[in-house]
S.K.: 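I'd like to ask you about the structure that follows.
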Amino acid sequence: MAVAVEVFLLVAACTLAATIAQPTTVRFADVSKMYNSSQPEAYAGFAELMYPLTGVAAAQPPANPEAPQQVLVTYQAPDEVMITWFTGKPQTTSGSAGAKVPGAEGRGENVVSYGSSRGSLKKQATASTDYYTQDYNISPALNISGISDAQYNYTSGLMHCARLRNLKPNTRYYYTLGTNRTVRSFKTAPSVSRFPFKLGHLADIAISVNSTETIRKLGLEEPDLVLLNGDFAYANIFDFNGALGYSAILTKGVLFSQQSRWDTLGRILEPLVSRVPTLASQGNHEMELQLDGSMFKSWLTRYGSNLPYAKSRGTPFYYSANVGPMHLVVLSPYVDFVTGTPQYDWLVRDLSSVDRAVTPWVVAMWHAPWYHTLVSHFKELECHRLAVEPLLYKYGVNIALHGHVHAYERSAKVYNYLPDGCGTTYITAGNSGVGLNTEFADSASLTRFSRASSYDNSTNCTRPLTTSALLVYVAGGKICNTTDPVSGKYCPNSQPTWSAYREAAHGFVTLDFESPTRAVLKYFRNLAADRQPIETVPITRDLSCPNQARKSRAMERQMRAVHSSVHSESL
Ligand SMILES: *[C@@H]1O[C@H](CO)[C@@H](O)[C@H](O)[C@H]1NC(C)=O
Ligand SMILES: *[C@@H]1O[C@H](CO)[C@@H](O)[C@H](O)[C@H]1NC(C)=O
Ligand SMILES: *[C@@H]1O[C@H](CO)[C@@H](O)[C@H](O)[C@H]1NC(C)=O
Ligand SMILES: *[C@@H]1O[C@H](CO)[C@@H](O)[C@H](O)[C@H]1NC(C)=O
Ligand SMILES: *[C@@H]1O[C@H](CO)[C@@H](O)[C@H](O)[C@H]1NC(C)=O
Ligand SMILES: *[C@@H]1O[C@H](CO)[C@@H](O)[C@H](O)[C@H]1NC(C)=O
Ligand SMILES: *[C@@H]1O[C@H](CO)[C@@H](O)[C@H](O)[C@H]1NC(C)=O
Ligand SMILES: *[C@@H]1O[C@H](CO)[C@@H](O)[C@H](O)[C@H]1NC(C)=O
Ligand SMILES: [Fe+2]
Ligand SMILES: [Fe+2]
């Protein structure tokens, strides 16, 4: 580490811009043509309206309501996972006072039997149980088409949660749930610090044949850990008849959320997430505001409460975990984040205590991206970026992973919109299965103008966001309209140099961490052959960057001094 300091003091490598390759854009039209897809260039709404999972057995509830379903493995530590599953029929009620407790199916089956050989599941872990309700009270006076019933409340099935402790790292375990004899298996993650380590990422999943294809293809890559980065079932924009009902929310402020979608999503994820440990974040579609003012209730019950947030003194919304050679920091733009808030203070404490000798790689994930060039959600999170980006730079976060924008985009190493060899690589991959975003923010020639109102024709630039804070729900509710440092406008004139590759197609990414200085990003497109990445890109950790050094107080002081000078140079 001393070597790195000396090199740095001599060369100040951090001020050198990264070598920038020619930016690449692959439009949806090109992808469709390549694969002779019958799909129109773009479509309004959701892929699943076009490519629904109707009749697909894996999406249906099991015939026996006592059979375990929606099995999910959540990473806790290299020697510990949480296994959750549901039994029983979820209940919806209308017309009269409804169910508030789960049905009796599945009770008394509260145990996971497991072992490292299929024939000997001698260990047992007892589960606790949980469930939740979601209540709505929709006035008939609102006259919302598709919602004929005034009230429509949901009580979930019974969720079982079992902690399996003292596991061996990097080891396959076999398990059965309750009295059901189906043997499943998962592999524990490698020990902390160990290479190689393969990370998979899903975001904006939804329920279409495109989602199940993404889930299947990611499974073929056999990741050690899968991140579920927000926007799960889109329950909040479907009404009780399963129709897309966003406009009712927008125009009438109505609360409703088709909860059965969460159950269906749990079933289509199961083939992957019952085999591979996961960690999750929440997206805007998980807000699901309730009559009592609560939010994120389904996500918190099903995913958030099982996360290992207590270990990092975080919350389900922001927490960190060491997995293999990676320190993962999960953030939330949906919980207050500016200086002086608990999330900000937590982040400073967390990042400043990372030991790069233990976890050389620091990866951040949160749902909505800063660095992307699609019209959809363009610069939506500028207030968040302005508050948090200096911290990510100071502490040398290597890679940030996002969804929210339904496309794939990879940045060069960047800081404050300028290519920077010591900056972060931002990856947006919210293209797991929901309808794609296909319009780029910067160029008339790339734009179909399907939403002409999004554009200012006098500048060929997408208009600054005016989206209501309730819908975007960036905590604090502010929209910051910053200008592009190159064009001086809200959007750049062409694909900016910090945007290395962007593509409107369904797919996913994996990251192979190979050594303390080299990771490899692979982007897979659903319409391409299995196991054939469209791009394979090394991401390096440059040890001459002061923000990559193992932390010490002396180092911190040096970095602070030098960063302020680097900062003023580049601005
Ligand atoms: C698409 O159609 C063209 C022309 O018929 C053919 O050459 C090409 O192989 C097809 N591509 C795929 C992926 O089927
Ligand atoms: C056991 O679980 C599997 C998978 O959930 C299900 O297909 C099967 O029907 C269950 N068996 C019984 C006896 O319930
Ligand atoms: C739904 O829940 C709300 C709030 O708890 C309650 O007022 C309403 O009566 C419930 N409706 C039914 C059908 O249970
Ligand atoms: C209710 O909405 C329907 C269309 O969705 C409309 O035809 C009807 O006139 C509306 N009724 C009232 C009372 O507004
Ligand atoms: C979604 O899946 C359908 C059916 O397989 C396919 O025709 C379509 O091209 C897919 N869309 C994308 C963007 O991959
Ligand atoms: C902007 O230009 C596009 C393409 O020429 C056109 O379709 C659209 O109507 C224009 N919008 C406005 C608001 O003038
Ligand atoms: C906007 O783009 C159109 C179409 O490419 C072009 O004709 C026009 O000159 C551009 N306007 C500006 C201000 O760049
Ligand atoms: C952002 O721009 C929009 C559209 O020009 C404007 O309505 C809004 O007030 C601006 N917001 C801020 C915080 O400047
Ligand atoms: Fe989102
Ligand atoms: Fe989304």
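Heavy-atom basis, side chains included; hydrogens, waters and symmetry copies ignored. As the structure lists them, so they are numbered: ligands from 1, and atoms in each ligand from 1. Note that the numbering runs from 1 along the sequence shown for the chain.
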S.K.: Can a salt bridge be assigned to the pair Arg410 and Glu535 using a cut-off of 4.0 Å between side-chain N and carboxylate O?
M.R.: yes
S.K.: Which word best sums up how the rings of Tyr173 and Phe186 line up, parallel for under 30°, tilted for 30 to 60°, or perpendicular for over 60°?
M.R.: parallel
S.K.: Report yes or no: does Asp204 have an N/O/S atom closer than 2.8 Å to the Fe ion (ligand 9)?
M.R.: no
S.K.: Measure from the Fe ion (ligand 10) to every N/O/S atom of His406 and report the name of the nearest one.
M.R.: NE2
S.K.: Within ligand 2, which atoms have a heavy atom of Arg184 less than 4.0 Å away?
M.R.: 4 (C), 5 (O)
S.K.: Applying the side-chain hydrogen bond (donor to acceptor under 3.5 Å, both in side chains) test to Tyr371, which of Glu409, Glu389, Lys379 qualifies?
M.R.: Glu389
S.K.: Who's the nearest protein heavy-atom neighbour of atom 14 (O) of ligand 2, and how far?
M.R.: Asn64 ND2, 2.8 Å
S.K.: From the options His404, His402, His367, select the one residue that forms a ring-ring contact (aromatic ring centres under 6.0 Å, His included) with His377.
M.R.: His404
S.K.: Is any side-chain heavy atom of Tyr344 closer than 4.5 Å to a side-chain heavy atom of Leu391?
M.R.: yes
S.K.: Does only the side chain of Arg267 get under 4.0 Å from ligand 2, or the backbone, or both, or neither? Count heavy atoms.
M.R.: neither
S.K.: What N/O/S atom of Asp231 gets nearest to the Fe ion (ligand 9)?
M.R.: OD2
S.K.: Looking only at the side chains, is there a donor atom on one of Thr510 and Glu221 sitting less than 3.5 Å from an acceptor on the other?
M.R.: no
S.K.: Which atoms of ligand 2 sit under 4.0 Å from any heavy atom of Pro68?
M.R.: 2 (O), 5 (O)
S.K.: To the nearest 0.1 Å, how far is atom 9 (O) of ligand 2 from its closest protein heavy atom, and which atom is that?
M.R.: Ala67 CB, 4.5 Å
S.K.: Run through Asn110, Asp130, Thr84 and flag the one making a side-chain hydrogen bond (donor to acceptor under 3.5 Å, both in side chains) with His160.
M.R.: Asn110
S.K.: Please determine whether Asn284 has a backbone or side-chain N, O or S atom lying under 2.8 Å from the Fe ion (ligand 10).
M.R.: no
S.K.: Quick check on contacts: which atoms of ligand 2 are under 4.0 angstrom from a heavy atom of Thr182?
M.R.: 1 (C), 2 (O), 3 (C)
S.K.: Ion pair present between Arg385 and Glu382, side-chain N to carboxylate O less than 4.0 angstrom?
M.R.: yes
S.K.: I'd like the atom name of the N/O/S atom in His404 lying closest to the Fe ion (ligand 9).
M.R.: ND1
S.K.: Quick one: nearest non-hydrogen protein atom to atom 12 (C) of ligand 2, plus distance?
M.R.: Asn180 ND2, 3.4 Å
S.K.: Closest heavy-atom contact between Ser156 and Pro102?
M.R.: O-CB, 3.7 Å
S.K.: Measure from atom 2 (O) of ligand 2 to the protein's non-hydrogen atoms and state whether any distance is below 4.0 Å.
M.R.: yes
S.K.: The Fe ion (ligand 9) to His367: any N/O/S contact under 2.8 Å?
M.R.: yes
